[in-house]
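Chain letters run A, B, ... following the sequence lines, proteins first, then strands; residues in each count from 1. Everything quoted here is computed from the prediction, not taken from an experiment.
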Amino acid sequence: MAILVDKKSKVIVQGITGTSGRFHTERMLKYGTKIVSGTSPGKGGQKVFDLPVYDTVEECVKNQNADTSVIFLPAKFVLEAAIEAIYAGIKLVVVVPEHIPIFDMLLIRKEAKKHGSTVIGGNTAGIITPGETNIGIMPDIAFSPGRVGTVSRSGSLTYYVADTLTRTGYGESTCVGLGGDPVLGSTFNEILSLFEEDEKTKAIVLVGEIGGVYEEKAKETIKKMKKPVIAMVGGVFAPQGKRMGHAGAIVEGEMGTARSKLKALEQGGAHIAKTFLDIPEILRKLRI
Amino acid sequence: MAILVDKKSKVIVQGITGTSGRFHTERMLKYGTKIVSGTSPGKGGQKVFDLPVYDTVEECVKNQNADTSVIFLPAKFVLEAAIEAIYAGIKLVVVVPEHIPIFDMLLIRKEAKKHGSTVIGGNTAGIITPGETNIGIMPDIAFSPGRVGTVSRSGSLTYYVADTLTRTGYGESTCVGLGGDPVLGSTFNEILSLFEEDEKTKAIVLVGEIGGVYEEKAKETIKKMKKPVIAMVGGVFAPQGKRMGHAGAIVEGEMGTARSKLKALEQGGAHIAKTFLDIPEILRKLRI
Amino acid sequence: MRLYEFEAKKILSEFGIPVPQGKVITSSEQAKRFAEDLKKPVVLKSQILSGGRGKAGGIKFAQTPDEAYSSAKELFSLKIKGFPVEKILLDERLEIEKEYYIGVTLDRLNYKIVVIASSEGGVEIEEIAKKHPEKIKKIGLDIDEKLFSFQAFGLAKMIGIESSDIRTVGNIILTLWKLYKRYDAKLVEINPLVLTKDKKIVACDARMSVDDDSLFRHPELEKMGVEKRHEEGEMTQREKKAKEWGIPYLDLDGEVGMFPGGAGFGIMGNDFINYFGGKPANFMDSGGGPTPERLAQMLVLLDENPKVKAIFGARFGGISRCDDFAKGVVIFLKEHGLSKPMVLRMTGNMWKQGLEIFEKAKKDNPELFKNIEIHGIGTPIEDIAKRAVELAKKAKK
Amino acid sequence: MRLYEFEAKKILSEFGIPVPQGKVITSSEQAKRFAEDLKKPVVLKSQILSGGRGKAGGIKFAQTPDEAYSSAKELFSLKIKGFPVEKILLDERLEIEKEYYIGVTLDRLNYKIVVIASSEGGVEIEEIAKKHPEKIKKIGLDIDEKLFSFQAFGLAKMIGIESSDIRTVGNIILTLWKLYKRYDAKLVEINPLVLTKDKKIVACDARMSVDDDSLFRHPELEKMGVEKRHEEGEMTQREKKAKEWGIPYLDLDGEVGMFPGGAGFGIMGNDFINYFGGKPANFMDSGGGPTPERLAQMLVLLDENPKVKAIFGARFGGISRCDDFAKGVVIFLKEHGLSKPMVLRMTGNMWKQGLEIFEKAKKDNPELFKNIEIHGIGTPIEDIAKRAVELAKKAKK
């Protein structure tokens, strides 16, 4: 098992005719991801890697029972693309582009909740269930199938964690990129709850960073969980009031410091890892 | 019994410090209507006929358990006033002013439905349960307590009908002014259904006029009703494309003609009255 | 309240929707001159506030400036539904490959704004709905809901627009919805939306109707010269006068002058007159509690109208008192006099006092009342209507 | 991204919210002149992008133009949080009767826009929240929900505004929410909103922060001179240079130059350096698959910085390939050279090929690599960080 996606997921690429849409479609296909079609309004009827291109997501759903979408479009087109997918009945929308305007994400989130869809991102590296499907831009090389679930706001940290878990033989059930933008389609809480229900997942690694309050809020969920959560938070020494690469990575006032996040996570019962090497060590101690 | 309002209704007047607010407050009080307070933002603390004036409806609800509101304000302030009442938990909002912009009424209706409130009007003469409460601008003189429910889009026709019912000894359970505006807070269907459930009401007189489709749609409800409905529709000889006094009284294209309304009502099983004198005659035949 | 085609097109064009090159002309000379400037075949379209313009001969085509001149001359001599053609929209003539319908309207019953598109442009939407309901595609939106681009693209797709054009047509649909919201419209339609032989998308004809009651928040319409008017047809001189006085008033074809209280009874009273074999000369609404001044204005409108042979008066004293009403009428009779016979019923609040006022005035000056019959609660209103019809018939002889 | 107080006040004022009479000045002479024009006591407020301005002595009062001159002079010689004061807002000094707080902000967790008001103006809202949570009133709205006037009036009422003023204050709250929506703001607050002794309501101080990522739809901000900047503090020269190059870069206080891949690792790598006893000189993000040109720019930023004593490099080849990365770095070394010691780890996609490229280049020109240590997957990244700290310490001696 896995969460959110597996080898049966029927994936469409929104923006498939663009440069990065095309590039990552090829990569994902190579991994074995079941991509069924793509969209590009005004380019319906074209083909990309033998996949049909449609004008609307509705057609992808009607013709091919698509249930998952990954968006490769400039940030300003994401609002439309994500809501189109949600309205068409897509159950998981993966928003790869970064710097989505906050107001747009608020509306996307609202519509997603209303229609029962899940959105991950913006600025997510995607989601991978190793050995089954890889949706987004995560590099295959770091990942191997296994028993740890990972959820992270950062792509690069995800790779280091995956690499660590692969080299120490744990592997991953599913790895979810929550995204680096300030307002996200999903929260740590929601992904943690999914892992808690997933049979294959024995423990969860949560990787947070400065900015926002999603980590702080995860405390409540972790408290109620049976599975152990190992948490790592970047930015303990981050400066105040300055964005660090990710749109969402900024300490504003007293909100969003790594220390407050670590404190909350620890209060919730998470095991804190300072470096990547701590992760397999904690897993060993927990006898996972 | 009665529908929507009775002697226990705790009424507030929105716009109580204005000329017509003041005038009708005095009239309603004289009838015995239980007016508990009024609002006028910025004039909180004043008194009108010994009634407290508040800045917000919320205060009327908190301090006096108000459950009904009647609005006496210029059309352009009705959107705010009605939604304020709805959000504050007022269960019945009576919109007396006419010429409420259509878009405003759409939003009022949506919020009312969402919050479980009923709105009648705009451009309603109000609602009266004779002998108990009179909310709006209906002249007491025409009405007497009794067993016929009336619902009408026109104030003047309401008075003629009431007068007829009074003089022939039937009287009225409750008389509801649906309103003369093009988009109304309540529909014939909804009021008919309330009368159907009301013990005191033995028959219903529905008075329609050209414009809109509320009468046509009443057909479905009338079909399902056990109580007889007597219908009268004004404007059989109305010209095309011209507003007749009421903002809503206009035949646009093939929509809203009196003939189509009468046809639908008759198909639904309503007894058609051409003139006021027909009403008591039909009632007699029905042995009401 | 309906806008002229040229007004609607001006608004569309301001919002970036392509319309034909065109100009409003008021003389045949202008038609020629503008046709010369255009250097293209043209179409001349009478600007009237009603449908069925084509069938009434209100649209003409012209190949040359001279033809434009003569066509314009013909149109300017035309009356459509009784109203002379005063303005013509002279548009370049499009070479049409395909016609579509797009529109935004109000569904009052479901409290929705409905965006509509059809592959069958060029005919009335009601007709398409009857003949090819399957060729009409709709999206219903709440007032606080947004139309998304993808929905507009999808609508374009559904009516068979080519993939390469769905952005263009979709954006026009989106713009139409924005414009609808922007102007508190009741209806905006482009019919037909045309795909020309050279593959351009153009709004060939447009219709727009706005909510009269929202005009207070659209001063920009007034700036464009859009004033309160009928949904169909022009206002008569008398209607304009009544409008200035603030009296809801319509001229009708008959001979019974209507002097009622209340819009609802105004409408129903007109039916009564018809039921009893007469024809009303007008519709009128007094408003609640009319002042003596307003009563005078109402009666002037009837008295001055040569078509009016007799007057049907009805007053239900509600908020307003019958005694005040009677006083007002008496003042008018004394100051102006009434040249037509009138039958009047007065009932409701203080009706007895009202009748007494009339009685007294009549005693003082019987001459003023020689053509006036006044009734109270004892006479059904239906009998009054019958009597008015009788009086009108008698006066006609 | 934060706006200066004077920018925020300009926007408030354009929306009709009353602000004190004021002017931005850049010299003490201007201070004097404007104080003379005003003919009133004034307040001089340093324009910096951070809180705590008052405690740092950044605000001064002056009774006379001469005092304004000398106060301005003092402020212009001041550094607040390391940045010189370059602009002063000179405002008329208000005679304050009562201070309130009103603001609109984002609740990311609940995905709501929150309208906030408090009777306790003049202190930070976080402080009020701690000391008097009961004195804060809030309304949470969805992005597609409207704030109604009555809600704004109600909020004003709840914080104890007099009935006679609730329309004025309510309308300011409503305007603040409109302005928040209009500008894609993250925060707009008026603190304090002041009731003056002569009973006027004035926005005495204002703070506004907008969503950097929505700037593409706000060209009007650029027109006002608002460019991308920090939430707090000014940009350094090097940060501005990096910004021109499109590289996310921050100057920090330490001596270890950070040459990482990925924003997340950039943040975490800084922590690692600290954990192991060092201090990073910067934060940097390469973006995915940096070009040779970008790699060169990144290294230039570090090489030119005299504070940087050693460089910590990390590359996880994901979408980008390690061989391409190695090629880019080699090109830079050949063309520019690197004057600082660097320890670099490269792993992931094609890491072996990348190492081979380095090995070959080193063999060809060992001199270029004399200060560079290159590691592969065999060495944990933590050890690399430790080594970078070591190298920096050694270089400092």
Side-chain angles (χ1 to χ4, degrees), chain A residues 24 27 75-76 98-107 109-110 125 137-139 141-142 152-160 163 167 180-183 187 207 209-210 212-214 217 232 234-247 249-250 252-254 258 274-277, chain D residues 1-2 49-51 106 108-109 111-113 124 126 142-144 181 184 186-187 209 211-214 216-217 230-233 248 250 252 260-275 279-280 283-285 287-288 316-320 347-349 377 380-382 385:
Chain A
H24 291 290
R27 274 188 52 252
K76 62 177 163 179
E98 61 181 330
H99 296 302
I100 317 295
I102 290 172
F103 286 7
D104 293 2
M105 275 312 298
L106 292 178
L107 192 54
R109 166 85 181 186
K110 182 167 183 185
I137 60 170
M138 294 213 210
I141 193 163
S152 165
R153 278 172 64 195
S154 144
S156 53
L157 294 180
T158 298
Y159 314 152
Y160 281 100
D163 191 42
R167 283 188 293 112
D181 266 5
V183 170
T187 65
V207 186
E209 66 186 27
I210 49 166
V213 278
Y214 295 115
K217 194 66 187 177
M232 210 174 159
V236 174
F237 295 91
Q240 176 87 5
K242 296 186 170 73
R243 266 194 188 195
M244 295 181 88
H246 290 155
I250 179 170
E252 291 163 292
E254 291 177 36
K274 272 176 102 171
T275 69
F276 305 116
L277 294 175
Chain D
M1 178 189 115
R2 184 159 172 166
L49 295 172
S50 113
L106 177 71
R108 295 196 208 181
L109 199 62
Y111 300 88
K112 294 266 182 196
I113 288 163
E124 299 267 316
E126 291 84 0
D142 285 350
I143 181 69
D144 56 355
K181 293 288 290 278
D184 273 88
K186 295 194 294 184
L187 172 76
S209 179
D211 176 11
D212 312 39
D213 294 331
S214 73
F216 69 87
R217 55 191 179 205
H230 295 322
E231 193 66 33
E232 282 194 37
L250 295 177
L252 299 173
F265 184 74
I267 299 168
M268 187 67 88
N270 280 23
D271 287 354
F272 283 8
I273 295 297
N274 276 283
Y275 289 152
K279 290 271 171 221
F283 162 84
M284 182 145 57
D285 176 12
F316 198 107
I319 304 311
S320 61
T347 180
N349 199 5
I377 202 162
I381 189 72
E382 289 83 351

Heavy-atom side-chain proximity of A:Phe103 to D:Lys181 below 4.5 angstrom: yes
When D:Glu124, D:Arg217, D:Lys112 are compared by non-hydrogen pairs under 4.5 Å with chain A, the top option: D:Arg217
Taking every non-hydrogen atom, the tightest pair across D:Met268 and A:Lys274: SD-O, 4.4 Å
Gap between atom CZ of A:Arg109 and atom CD1 of D:Ile143 - 0.5 Å precision: 14.5 Å
Residue pair A:Gly235 / D:Asp271: nearest heavy atoms and the distance that separates them: N-OD2, 2.6 Å
D:Ile113 portion near chain A, given a 4.5 angstrom heavy-atom threshold: side chain
A:Leu277 to D:Pro380 - nearest heavy-atom pair and separation: CD1-CB, 3.9 Å
A:Lys110 atom NZ: more than 12 heavy-atom contacts under 6.0 Å: yes
Options A:Ser154, A:Ala238, A:Ala249, A:Ala75, ranked by heavy-atom pairs under 4.5 Å with chain D, top entry: A:Ser154
From CG (D:Asp211) to CD1 (A:Ile100), nearest 0.5 Å: 10.5 Å
Segment of A:Arg243 engaging chain D (4.5 angstrom heavy-atom cut-off): both
Distance (rounded to the nearest 0.5 Å) between A:Phe276 CZ and D:Phe265 CZ: 5.5 Å
Minimum heavy-atom distance between D:Ala263 and A:Gly245, given as atom pair plus value: CB-CA, 3.8 Å
Interface residue of largest heavy-atom contact number with chain A, from D:Leu49, D:Leu109, D:Leu106, under 4.5 Å: D:Leu109
Heavy-atom side-chain proximity of A:Asp163 to D:Ile377 below 4.5 angstrom: yes
N/O donor-acceptor pair under 3.5 Å between D:Arg108 side chain and A:Pro182 backbone: yes
Max heavy-atom pair count under 4.5 Å with chain D, selected residue of A:Ala247, A:Ser152, A:Gly212, A:Gly155: A:Gly212
Contact leader toward chain A among D:Asn270, D:Asp142, D:Thr347, D:Asn274, where contacts are heavy-atom pairs under 4.5 Å: D:Asn274
Per-residue contact mode, D:Tyr111 against chain A (heavy atom under 4.5 angstrom): both
4.5 Å side-chain heavy-atom contact, A:Tyr159 and D:Asn349: no
Reported CD1-to-CE distance for the pair D:Ile267 and A:Met244, which is rounded to 0.5 angstrom: 5.5 Å
Taking every non-hydrogen atom, the tightest pair across D:Gly261 and A:Ser156: O-CB, 3.6 Å
CG-CD1 distance between D:Asp184 and A:Ile102, expressed to the nearest 0.5 angstrom: 8.0 Å
Geometric class of the D:Tyr275/A:Phe237 ring pair [parallel <30°, tilted 30-60°, perpendicular >60°]: perpendicular
Part of A:Arg153 within contact of chain D (heavy atom distance under 4.5 Å): neither
Straight-line distance of A:Tyr160 OH to D:Ile381 CD1, nearest 0.5 Å: 4.0 Å
D:Leu187 versus chain A, the contacting section by heavy-atom distance below 4.5 Å: neither
